[in-house]
Amino acid sequence: MAAPEERELSQEQTEKLLQFQDLTGIESMDQCRQTLQQHNWNIEAAVQDRLNEQEGVPSVFNTAPSRPLQVNTADHRVYSYVVSRPQPRGLLGWGYYLIMLPFRITYYTLLDIFRFALRFIRPDPRSRVTDPVGDIVSFIQMFEEKYGRTHPVFYQGTYSQALNDAKQELRFLLVYLHGEDHQDSDEFCRNTLCTTEVTQFVNSRMLFWACSTNKPEGFRVSQALRENTYPFLAMIMLKDRRMTVVGRLEGLIQPQDLINQLTFIMEANQTYLVSERLEREERNQTQVLRQQQDEAYLASLRADQEKERKRREKQEQKRREEEEAQLRLQAEERKKRNLQEEKERRSEGLPAEPEQDHPDSLKIIFKMPNDTRVERRFLFTQSLSVIHDFLFSLKETPEHFQIVVNFPRRVLPCLPTEEVPVPPTLQEAGLSRSQLLFVQDLTDE
């Protein structure tokens, strides 16, 4: 059972976990989590490492494996060109060579014995690659400080990244392993590698990666390529879908000879790159066609989803409109019911209609908004609010209305206001015993 701290993830880590799964397509969530934990939750490093693994390229973010890098060096058709050291000339040259030979043999023998014994005491620190990019950068700085800035453009990345780029771009990759302790390395760098013609040739035709074998990254590549002497150059390219060494150049080679040998290797293997380009174009066309089909399918799917969305929105809108209409209908019915109840209440509160021969009675004829006429008797002593309540209680009377006298035209103050808190009586309003009043509808105002 996992510990609580292993099960619980922060919100940020959960988002990175889901994003990493989307980018890499790994179905196992445990595998995604383990990969991110190995990279300290650095999603960019984890994704790049995963892409390198899919391409068959070793990881450049984890500690490098002890096994050699995956480059095919067993091809028996590898072109090999070795430049032997020139033999001494003349009596003086042979004399110097014979005199120095015992010292040279003794020096290199003791050096090899010392290195062999040192392995039992302390493992070779070059066997652990902890900062491959740092190894490359420090070598380039050392090289330029010693030999100047006129040189082929160094690939400023790891060997694995250089292999990956050469594979993706279908280009030749020239690898140079620099043996700092070798007697010919200094002369090769000054008089061959840093010449203008070699620099222009390499820059225009291939990628160039270099490192010192004293650096962990260079030592690891040295184990993979298994050079015999220095200076050492290897030409690598994509051949039969594998990154393969197609040429090895060893020894102190001169500038024009180097250009000729590299040209020969490139011309001899150019057909493989052409064939790979054609296969890749065919694969790309197939991929583009499949992508177009997928896009067409997705477009059709999105169109169907959009139609379904609009249909649902239309149904939802129709449902809302029906609900709103139902609510409005209920509100209107409730309003009508309240209005009717109010009319009935006002009608019940009206005083009885006086007799026709009552001395204070008057007859009022109301002309309604629908051109009908209503007639009723009131008392002069009654308030104008009484005739308002009477009209309000009638079925044909609108909810909001005012009562108007025509000659002279004036609106009767039937309801209390701030200016007239108590409506006047019919007599105070100046009504006659037989009066015609007009009812105006104010509902729409």
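It should be emphasised that the depicted structure is a prediction, and the values quoted were computed from it without experimental measurement. This chain uses plain numbering: 1 for the first residue, then up along the sequence.
- Interatomic distance, NZ of K167 versus CG of D165, reported as 12.0 Å (0.5 Å rounding).
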Would D186 and Y147 count as a side chain to side chain contact (heavy atoms under 4.5 Å, CB included) here? Give the steps. CA-CA 9 Å; D186 188 70; Y147 304 110; 3.1 Å; yes
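- In this pair, F139 and F154 present their aromatic rings perpendicular. The plane angle is above 60°, beyond the 30 to 60° band.
- Among all heavy-atom pairs drawn from L193 and T199, the shortest one is O-OG1, 3.7 Å.
- In terms of modelled atom types and a separation under 3.5 Å, the side chain of S204 and the main chain of F201 share a donor-acceptor contact.
- Under the 3.5 Å distance criterion, with hydrogens and angles disregarded, a donor-acceptor pair is assigned to the side chains of E180 and S212.
- Of all heavy-atom pairs spanning L177 and S222, the tightest one is CD1-CA, 3.8 Å.
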M206 and L173: CA distance, side-chain angles, deciding distance, side chain to side chain contact (heavy atoms under 4.5 Å, CB included) verdict: CA-CA 6 Å; M206 62 197 72; L173 173 64; over 6 Å; no
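- F366 and F390 have tilted rings, their planes meeting at an angle from 30° to 60° on a 0 to 90° scale.
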Could you list the donor-acceptor pairs under 3.5 angstrom formed between side-chain atoms of residues 252-266 and any protein atom two or more places apart in sequence or on another chain?
unit_1: Q256; atom_1: NE2; unit_2: N260; atom_2: OD1; d: 3.1
unit_1: D257; atom_1: OD1; unit_2: Y81; atom_2: OH; d: 3.4
unit_1: D257; atom_1: OD1; unit_2: Q261; atom_2: NE2; d: 3.4
unit_1: D257; atom_1: OD2; unit_2: Y81; atom_2: OH; d: 2.5
unit_1: N260; atom_1: ND2; unit_2: Q256; atom_2: O; d: 3.2
unit_1: Q261; atom_1: OE1; unit_2: Y79; atom_2: OH; d: 2.4
unit_1: T263; atom_1: OG1; unit_2: I259; atom_2: O; d: 2.7

Can F401 and H388 be said to form a side chain to side chain contact (heavy atoms under 4.5 Å, CB included), step by step? CA-CA 9 Å; F401 62 92; H388 184 276; 3.5 Å; yes
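- Note that K239 lies in the cation-pi zone of Y272, set by a 6.0 Å cut-off to the ring centre and a 45° limit from the axis.
- Residues D30 and S28 bring no donor and acceptor atom of their side chains to less than 3.5 Å of each other.
- The two atoms that bring P231 and S185 nearest to each other are CG-CA, 4.4 Å, heavy atoms only.
- In terms of modelled atom types and a separation under 3.5 Å, the side chain of T244 and the main chain of R242 share a donor-acceptor contact.
- In terms of heavy-atom proximity, E399 sits nearest to F392 at O-CE1, 3.8 Å.
- When only modelled atom types and interatomic distance are considered, E295 and Q291 share a side-chain donor-acceptor pair under 3.5 Å.
- Residues E316 and R320 are paired through a salt bridge, judged by an N-O separation under 4.0 Å between the basic side chain and the carboxylate.
- In E282, the CD atom is not crowded: 12 or fewer heavy atoms of neighbouring residues, nucleotides or ligands sit closer than 6.0 Å.
- Here the CG atom belonging to L163 is positioned 11.5 Å from the CD atom belonging to Q168, to the nearest 0.5 angstrom.
- Between V439 and K367 the shortest side-chain heavy-atom distance does not fall below 4.5 Å.
- Just one residue in the list F143, Y176, F188, F208 forms a ring-ring contact (aromatic ring centres under 6.0 Å, His included) with H151, and that residue is F143.
- Under a 3.5 Å cut-off, the side chain of K343 and the backbone N or O of T397 do form a donor-acceptor pair.
- R226 and R248 make their closest contact through O-NH2, 2.8 Å (heavy atoms, listed as atom of the first residue, atom of the second, distance).
- Within a 6.0 Å radius of CZ in R311, more than 12 heavy atoms belonging to other residues, nucleotides or ligands are found.
- A donor-acceptor contact under 3.5 angstrom links the side chains of Y230 and E227, judged on distance only.
- Residues G218 and C211 approach most closely at N-SG, 3.6 Å, considering heavy atoms.
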